Structures are given as C-alpha cells and as structure tokens.
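To keep things clear, I will list the structure first and then write my remarks on it.
Below, chains carry the letters A, B, ... as their sequence lines are ordered, and counting in each starts from 1. All values below were derived from every heavy atom in this structure, side-chain atoms included, with hydrogens, water molecules and symmetry-related copies excluded. Everything quoted here is computed from the prediction, not taken from an experiment.
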Amino acid sequence: MTPADLSGAVRAAVAQCLAAGDFGGAPPADVLIERAKNPEHGDYTTNIAMRLAKPAGRAARDVAAAIAARLAPVEGIARVEVAGPGFLNITLATASLGELARAIVSAGASYGHGDALAGQRINLEFVSANPTGPVHLGHTRWAALGDSLRRVLAATGAEVVAEHYINDFGAQIDKFAASLDAVARGREVAEDGYHGEYVVDVAKQVVDAHPDVLGLPEDQAVAVFTSVGYQLMVDAARTSLQRFRVEFDVWFSERSMHASGEVEAALELLREQGHVYDTDGAVWLRTTDFGDDRDRVLIRSNGEKTYLAADAAYYLDKRRRGFDRCIYLLGADHHGYIGRLRTIAACAGDDPDQTLDVLIGQLVRLVRDGHEVRLSKRAGTIVTLDDFVDLVGVDAGRYSLARWSADTPLTLDVAEITRSSNDNPVYYVQYAHARTCNAKRNAAELGIRLDVFRPELLDSPHESVLLAALGDFPSVVATAAELRAPHRVARYLEELAGSYHRWYDACRIIPSGDGEITDVNRTRAWLNDATRIVLANGLDLLGVSAPERM
RNA sequence: GCCCCCGUAGCUCAGUGGAUAGAGCAGUCGCCUUCUAAGCGAUUGGUCGCAGGUUCGAGUCCUGCCGGGGGUACCA
C-alpha cells in the first residue's frame, strides 16, 4: 500500500463516517498522509481528524475515533490508533508495506513521475548570461537549479521549454566590442570596458578568423568584433553549459526582437492598453498602477529603448508561443524586476499570479583563504563555470549547488569545493547507489533471482523505515515541482541513502559464508533493487550520475 | 525612506500549521575473519534573533522591533 493508496483509504473512511452521521461537515479536499517521525507512532500519521473537528463541532479525538473504527478493517492496515490531540497513527501490515518494493521495481525509471502538472506548458528561463563574458559561478547556481527544476517539472507531467535569453543589444555589447577592438590594436581598454583575460583570447580569435579586420575603418572593425565576438561568447557559453549537462531548448536573442520590430509592436500594444505616457521627452510605463513605487522608462529621451521595452516584447513573445506559465529564475540583484514583469503581464491583460513565476535566488559568495572573492565579469577576477567544473567535477558541482534552497545566501569555500572528499554529500548518495549495484551483482552471482517475493518477510524496523522512505519519493518530486524547489530532491536522497546504509548494515542481502539462500534473501534483493531505482531516478532529476561502481 | 531575502547546534544548512526541532561537518568513544569502512553505532551540543498576536497546536502564518545581505537609474 502506497501513501497515495492510504490517503484514498482514509478519504473513503471519512466519507463513510459522513454518510453514517458519525459527525457532520464536508468531505475534505485532500487528506495529508505523513510518515511518522517517531516509530512508536506507527508507519504513517494524519491530522485529518483535527482539521475536521472544528466544522463538525466535535472533539478531535472523537472524530479520530470514528474514522479509526472505519479504517481499521481495511485490508493491509494492521493498526489504527488515536493519539495526542487527535492524530491517527496508522501501522500497515508488514506485507502491505513491503509490497511497495515490487511496485517500484515494476515501475522502474518511471517511479516517482506523476501527472500533477499534465497539460501545462511552462517556459523556464534561467542563466541568461550576458554574451560579454564567460558563464561564472553566479550563473552556475541557476544552471544547476534551473536544469534540475526543468527535470522535476517534466517528471510531474509538464511540457517544459528551457530558455536562455541573450542580451545582445545595447551599451554593454557595444562596450564589449570596443574592448575587443582596443585589445586587438594593443591599445588601453576604456575604464568602463571589459578587462578580463578572456577579452584578449576572444580578440585574438576574432583576428585569427578575420585577419583583415584591423585594416578596416574603425566602425566596420567594431561591427566585426561585435558580431564575431558575440557568436564566440554564445558558443562558449553553450559549450560550458553542455559540459555541465545543462541544455537549453531555445537561445533567444534580444537583438532579433529589435530587428524584427517586435519591440515596437509590444510598445504599441502597451500603449493601446493605456499604460504608456510621454513625459520629458521619454516614454514611460505606468508601473505604479500595479504596485511599483515609481513609473519606469521604456524609451529614453535620446530615443534608445530600455531593457524593460525588450522584456515586455519578450514576455509577449512567450505568451504568443503558447506558454501557460513563464518561470524566471533571477538573482537577488534583479528582484526589482518582479514588479516590472508583473506589470508587463497585467498591462497585457494577463493575471500575473496565473502566468508568472519569478524565483529570486540569493547570490553566491565565494570565500578563499578567509576573504571574499568578488564575482565581477568586468574586473576579471572571476571563477567561471569551467573553473568550477575543473575543480570539483560536474557531479559534485551540480549537487553541491542544487542541494540548497534558492533563498539561502550561499557561501562556498574554495578549499571545500576543491576538496573532493567523502564529506561531500554527493558521494554519500552516489556511494549508496553504487552499493545497491554491487549488492545486486553479488546476489546475481549467487543465483539469487527476483522470482520469489514475500513482502511479509521484510519485518525489520530498518526495513519499515527504508520502505516508508521509498514510498515518499513521488510526493517529494511533486512537492519539489509545485514549490519550484529541486533541493528537496537532494535532501530526500540524502535521507534515503542513510536509511539504505543502515538497512544494509543490519540486514544481509546474501547469506554469510556458506549459508543457505532463503526467501528472505530473495525478497531483500527486491528491496535492494527498489532502492537502486529510486536513487537512480532521484539523481537523474538532479542531473548527477549514478555510478555502478565506486 | 521604500522593496526583497536571511537570522535554527561551534560551523554550513534542512524543516509545504502538528507530537520530544533535524542532518552533515567539527568534538568525544567504539565497530572491518562475513555482501564496498566513500559505511555503521554511541555520545556531546538549542532562549528556532526579540516582543506581541492568530488557534486545539507556531521554527512555520500576521504585526512591530533588532541584526546581516541585496535592491531601489532616462544603467545593463
């Protein structure tokens, strides 16, 4: 019996109570089943009686007792107890709990996947690094988190398109091209230009590809540096991200919207909706209509369009492409964008609560030798995604970034990242997976096959704990998708790995020495395999490999 | 001034209104003649920043403070 089955059984018991007049009220929309934290509280617990007590006008313990009476006879349920202020503590029959192992093995790679978001088309935008420098550690956090979120959303049934926006229009790209031009000519780069080492490399690559560039008139040369340099930076970003196992379905160019007239059209649409006005020679969007503390400029008095204008066009473009929801993963330094994006959506006639999801992630700080390393693309003292992967590898890198909530300001110590040792939780989880594989190989060598399954033999407390943990996986994935919190998957895997290691330590899968192979061994091989599957499925959601040997 | 995030064990952090607040690391003490010791067990460690409020119940929700970080351009 899975937690979902149990939830259904409780709901049915409540319905019987209501029909029989045990207590009054409306049937609950949902019945939350939780794993009991304390083994004395059985396998599962629910607070449904306490939630129903008030509308029913009855004591919670009385309501609980009525539900318990109707729930206890259900097949697979061994015991139902009323406890504390009105909890229902449910103990499953050993065989009923153990049955989960077979269900997981037969579901395989699809175990944990669900359809809670089926039918939803989601646009997920993350990283969106400017094409004026390498992808750095700050972006890397969103790469790990965003790509895991993409996987989690897809596993929950959504149709997800991962998108990378390229800010290839405006002053920064111009400064970048000017910096390339200056470096190529051996001149000093402007104070507000780009000074990183990579600028020299890119300038050299442009000159190598276009040996005649320095002979062109200055403006034509800068045009070459702009287009070629831009392409090199985008390719570099794509390559770095791919190496980090992060793939985007769409790389969207800001410049293309300016060129196609899409930005103009977006401004027209906003104007038609009545949220645009002209003052002091500039064109403004009345964002204060939607809670902003001041209005924002769309077109500056010098005629240049601001980012906000392009952002509006981009949002409208996404909606035109049929996305029900647009998720943006932005750094905390962009949190002011929430209001503006919501305004854009509202001005376009959408309900921002329905179509927008702006996730604000706190910034990553990097500490080395006791003091902070500044992450600035322009200063040149940056840790890039490539540096990061070189130091810790893809698995440890992705995992160590994805296991924290986006709300947590993250302080990473270079020495700690560099140390690829066993105090990194990723190894703990991966080792558990490798162990399941090893146990599977050993069992197969001894001729233990998955032909006999007697779940009633999985009666050790360690087995109850492990089975209950395995049963949690689908709801963990669903919650991670709903809350856009993929770190929950990582935390869950750490807990599961712990339960597995403890079970492995206490319950032998293969007999010791020349011991006889019994149905206990065969049944435990199922449980081992079920654990292997869940660990592998979970690691896949994080984009981390599940090694068969370590 | 206004807005966002954070404040939980020595450190880094989990914790979708539930029971005695958890994990890893650090510290202390143990466990390899038997399936991987990248493992397991035991133990030490807490005014969940402070004060009110909401209710059967608050680390969690609300209000106000205190402390830290970030944002608040006709920058990108």
Kindly say if [X] contacts the phosphate of [N], meaning a side-chain N or O under 4.0 Å from OP1 or OP2.
X        : N     : answer
A/His433 : B/A38 : no
A/Arg435 : B/A37 : yes
A/Lys37  : B/G22 : no
A/Arg488 : B/U16 : yes

Rounding to the closest angstrom, what is the interatomic distance between [N] and [M] at atom [atom1]?
N     : M     : atom1 : answer
B/C6  : B/G59 : C1'   : 14 Å
B/G24 : B/C40 : P     : 8 Å
B/A38 : B/U33 : P     : 15 Å
B/C48 : B/A19 : P     : 15 Å
B/C62 : B/U55 : P     : 15 Å
B/U16 : B/U60 : C1'   : 9 Å
B/C25 : B/G71 : C1'   : 33 Å
B/G22 : B/U8  : C1'   : 10 Å

Return yes if a side-chain donor-acceptor contact under 3.5 Å exists between A/Glu163 and A/Tyr328, otherwise no.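 A/Tyr328 and A/Glu163 do not have a side-chain donor-acceptor pair below 3.5 Å.
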
Is there, by distance only and without an angle test, a donor paired with an acceptor across the side chain of [X] and the base of [N] below 3.5 Å?
X        : N     : answer
A/His335 : B/C3  : yes
A/Asp333 : B/G70 : no
A/Thr45  : B/A19 : yes
A/Ser301 : B/C74 : yes

When all nucleic acid strands are considered with a 4.0 Å heavy-atom cut-off, which category describes [X]: base, sugar-phosphate, or nothing?
X        : answer
A/Ala171 : sugar-phosphate
A/Arg491 : sugar-phosphate
A/Ala36  : nothing
A/Cys507 : base
A/Arg403 : nothing
A/Asn521 : nothing
A/Ala432 : nothing

What stem regions, each of at least 3 consecutive Watson-Crick or G-U pairs below 3.5 Å, can be found for RNA chain B?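 Detected stem regions: B:1-7 with B:66-72, B:10-13 with B:22-25, B:27-31 with B:39-43, B:49-53 with B:61-65.
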
Do A/Tyr431 and A/His501 make the cut of ring centroids closer than 6.0 angstrom?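 Between A/Tyr431 and A/His501, the centre distance is under 6.0 Å.
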
What's the base orientation of B/C13: syn (chi within 90° of 0) or anti?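 Anti, since the glycosidic angle lies more than 90° from 0.
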
Using a strict threshold of under 4.0 Å (side-chain N to carboxylate O), is an ion pair present between [Y] and [X]?
X        : Y        : value
A/Lys175 : A/Asp192 : yes
A/Arg51  : A/Asp30  : yes
A/Asp353 : A/Arg342 : yes
A/Arg502 : A/Asp505 : no

Side chain of [X] only, heavy atoms from C-beta on: which candidate in [options] is closest?
X        : options             : answer
A/Arg508 : B/C74, B/U34, B/G18 : B/U34
A/Thr479 : B/A19, B/G15, B/U16 : B/U16
A/Arg296 : B/A73, B/A37, B/C74 : B/A73
A/Ser512 : B/A38, B/U34, B/A19 : B/U34
A/Gln362 : B/A38, B/C5, B/U55  : B/C5

Under the criteria of a ring-centre distance below 5.5 Å and an interplanar angle below 30°, is A/His41 stacked with the base of B/A19?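 One would call A/His41 stacked on the B/A19 base.
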
A/Tyr428 aromatic ring stacked with six-membered ring of B/G24, 5.5 Å and 30°: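 Stack criterion not met.
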
Which distance, rounded to the nearest 0.5 Å, do you find between the CG of A/Asp278 and the OG of A/Ser301?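 Nearest 0.5 Å value for the CG-OG distance: 11.5 Å.
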
Starting at CG of A/Leu527, measure out to CG of A/Leu466 and round the result to the nearest 0.5 Å.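 Answer rounded to 0.5 Å: 4.5 Å.
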
First encountered from the 5' end of RNA chain B, between A/Glu34 and A/Thr408: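 Nearest-nucleotide comparison on RNA chain B picks A/Thr408.
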
By nearest nucleotide on RNA chain B, pick out whichever of A/Asp311 and A/Ala332 is the more 5' one.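 With A/Asp311 and A/Ala332 compared, the 5'-side residue is A/Ala332.
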
Rounded distance in Å - [atom1] ([X]) to [atom2] ([N]):
X        : N     : atom1 : atom2 : result
A/Arg340 : B/C74 : CZ    : P     : 10 Å
A/Arg61  : B/C56 : CZ    : C1'   : 13 Å
A/Ile360 : B/G71 : CD1   : C1'   : 10 Å
A/Asp505 : B/A38 : CG    : P     : 13 Å
A/Ile338 : B/C4  : CD1   : P     : 9 Å
A/Ile48  : B/C56 : CD1   : C1'   : 15 Å
A/Arg294 : B/C75 : CZ    : P     : 11 Å
A/Asp407 : B/G15 : CG    : P     : 9 Å

Donor-acceptor list for residues 473-483 of chain A side chains, cut-off 3.5 Å, not counting sequence neighbours:
unit_1: A/Ser475; atom_1: OG; unit_2: A/Asp472; atom_2: O; d: 3.0
unit_1: A/Thr479; atom_1: OG1; unit_2: A/Ser475; atom_2: O; d: 2.7

Do the ring planes of A/His164 and A/Trp251 sit parallel (below 30°), tilted (30 to 60°) or perpendicular (above 60°)?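 A/His164 and A/Trp251: parallel rings.
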
Counterpart residues, side chain to side chain contact (heavy atoms under 4.5 Å, CB included), relative to A/Arg441 (two or more places apart):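 A/Arg441: side chain to side chain contact (heavy atoms under 4.5 Å, CB included) contacts with A/Cys437, A/Asn438, A/Glu548, A/Arg549.
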
